[in-house]
Amino acid sequence: MGAAMRRIHVGNALSAFGLGFTVPYLYVYVAQVRGLGAMTAGSVLAVFAVAALIVLPFAGRAIVRRGPLPVLLGALLTAAVGALSLGLAGSAVSVLLSAALLGAGQAVMQPALATMIVECSASETRSRAFATQFFLQNLGLGVGGLIGGHLVDATRVSSFTLLFAIEAAMFLLLVVVMATVRMPRAPRVGEAPALSARGSWKQLLGNRAMVQLCVLGFVMFFACYGQFESGLSAYGVEAAGISTSALGTALAANTAVIVVAQFAVLRFVERRKRSRVIAVVGLIWAVAWLVAGYAGLGHGSQEMATAAFVSTYALFGLGEALLSPTVAPLVADLAPTGMAGQYNSAFALVKQLALAVGPAVGGPMGAALHGPYVVTFLLFSLGITVLALRLGRRLTVAQDQPSAVRSRVVTRGGASVEPVSAEA
């Protein structure tokens, strides 16, 4: 791992650590501590999604033309201003404006960091690089949330102001860290005949494999991430009688499985077709929804229902660990030279759409339509498997299984040459 990649991973950990301080307590802060009510608190979450949907189409073009580092630094400064102002905001208008700044900055960070990882890695190291990113993000979120929970006091506004100030400080510290990164020379669209914004999007939409991957990504984020803090938690409380402490345990189990399993599954992932790994994830999540169905509809004891519900989140974590070294490198390999930023931003846009629609659909269903809710998302999970296998037919060998191409090159180069182990 080179110096640039080490700094990028430190940046991922710092940003996740800062977010972990505030994300779990945002609703309580706006609705209760500031006394602005549930409607304003819900609007803040919607503003995060809307801000992301507005800025991401422009972010991809900016990354392609200017490079990911300047775009990342601008996003970090925007997020720092948003976090600090959110901690000081006392009215609904100021809270929503601050949330828009914070949401826009956070949204642009994702594709910018992903593009930096692409430019600082080779195809044989990219899966491990993205696995490390996902591992550090979850670790940072978990540690940040744990420390933030001990600092926060719902009776004192100043404790929340401190949390948002720490988050802003993390973003500013990240500016300092990332400003020292020396990125390798990468092609830019600006160095070739200029494409209009409409032309670059037309080129992306003409890539049938990328379009299929975006559809698959929407279903994945809708059926999993879009349900964590909305439909699935509502289903657990209403159908399975899960306590808030058990819900926290389930979320902790999800993070723990990711942290423990991430590198254990990496060798399995690197040696197999990416499309089939994603198909396996769909099957794992289908099992997770069956276990969730037992938790809420199985008429077992409360202890069994709680254990089943926690196991659901753990199974989702296993699927996430398989996806992190699979999907992001695939997006990078589908992108033409110099267009990684555009493709990363497009995929981040799809993710934000799914995260906006998922809670709106799953929340009411999970709270009131327990049986249909489980069946619906069980079918969505099986749909992931079907879509992944269809995507695999459109991918080249180099895109679907880079390890096979590397092994073939080594074999042709001479029997005495052995490929470098991923563990080296």
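- At least one side-chain heavy atom of Leu349 sits less than 4.5 Å from a side-chain heavy atom of Pro57.
- Proximity of a side-chain donor or acceptor of Gln262 to a complementary backbone N or O of Ala321 within less than 3.5 Å is detected.
- Not a single side chain to side chain donor-acceptor pair (under 3.5 Å) links Gln106 to another residue, sequence neighbours left out.
- You'll find the side chain of Met220 reaches within 4.5 Å of the side chain of Ile278, heavy atoms only.
- Minimum interatomic distance between Ala253 and Val310 (heavy atoms only, all atoms of both residues): CB-CG1, 3.7 Å.
- A side-chain donor from one of Ser94 and Ser91 sits under 3.5 Å from a side-chain acceptor of the other.
- Distance check: Met116 CE to Gln133 CD gives 11.0 Å after rounding to the nearest 0.5 Å.
- Once rounded to the nearest 0.5 Å, the distance linking CG of Asn12 with CZ of Phe130 reads 9.5 Å.
- The CH2 atom of Trp289 sits 10.5 Å away from the CZ atom of Phe380 when rounded to the nearest 0.5 Å.
- For Asn207 (side chain) and Leu334 (main-chain N/O), a donor-acceptor pair under 3.5 Å exists by modelled atom type.
- Nearest heavy atom pair, residue Ala261 against residue Leu318, reads CB-CD1, 4.4 Å.
- Other residues, nucleotides and ligands place more than 12 heavy atoms under 6.0 Å from the CZ atom of Arg272.
- To the nearest 0.5 Å, atoms CZ (Phe218) and CG (Leu355) are separated by 9.5 Å.
- The main-chain N or O of Gly37 is never found under 3.5 Å from a side-chain atom of Thr40 such that the two would form a donor-acceptor pair.
- Scanning all heavy atoms of the two residues, the minimum distance from Phe48 to Gly103 falls at CD2-CA, 3.3 Å.
- Scanning both residues, Asp333 and Gln399, for their nearest heavy atoms gives O-NE2, 3.9 Å.
- Side-chain contact between Arg7 and Thr180 is present, with at least one heavy-atom pair separated by less than 4.5 Å.
- Separating the NZ atom in Lys273 from the CG atom in Leu389 is a distance of 10.0 Å, to the nearest 0.5 Å.
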Verify side-chain contact (heavy atoms from CB on, under 4.5 Å) between Ile258 and Phe135, making sure each step is shown before the conclusion. CA-CA 7 Å; Ile258 292 171; Phe135 169 84; 5.9 Å; no
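- The minimum heavy-atom distance linking Pro111 with Ser345 is given by the pair CB-OG, 3.5 Å.
- In this pair, Phe164 and Tyr29 present their aromatic rings tilted. The plane angle is within the 30 to 60° band.
- The aromatic rings of Tyr373 and Tyr235 sit tilted relative to each other, their planes meeting at an angle between 30° and 60°.
- Shortest non-hydrogen contact noted between Phe377 and Ala223 is CD2-CA, 3.8 Å.
- In this structure, Gln110 and Leu56 have side chains that are not in contact, with every pair of non-hydrogen atoms separated by 4.5 Å or more.
- For Ala100, the side chain to side chain contact (heavy atoms under 4.5 Å, CB included) partners two or more places apart in sequence, or in a different chain, are Val47.
- Annotation: Tyr343 is not in aromatic contact with Phe347 [ring centroid separation under 6.0 Å not met].
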Using the rule given for side-chain contact (heavy atoms from CB on, under 4.5 Å), can you reason through Met170 versus Ser15, listing the C-alpha separation, both sets of side-chain angles and the distance that settles it, and then say yes or no? CA-CA 6 Å; Met170 289 297 103; Ser15 62; over 6 Å; no
side-chain contact (heavy atoms from CB on, under 4.5 Å), that's the test. Do Arg274 and Val269 meet it? Break it down for me. CA-CA 7 Å; Arg274 289 165 171 170; Val269 170; 5.9 Å; no
Test side-chain contact (heavy atoms from CB on, under 4.5 Å) applied to Phe171 and Met109, step by step: CA-CA 11 Å; Phe171 291 139; Met109 285 180 214; 3.4 Å; yes
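- For the atom pair CG (Leu395) and CD (Gln212), the distance works out to 8.0 Å, reported to the nearest 0.5 Å.
- Exactly one of Leu72, Val175, Leu101 qualifies for a side chain to side chain contact (heavy atoms under 4.5 Å, CB included) with Leu77. That residue is Val175.
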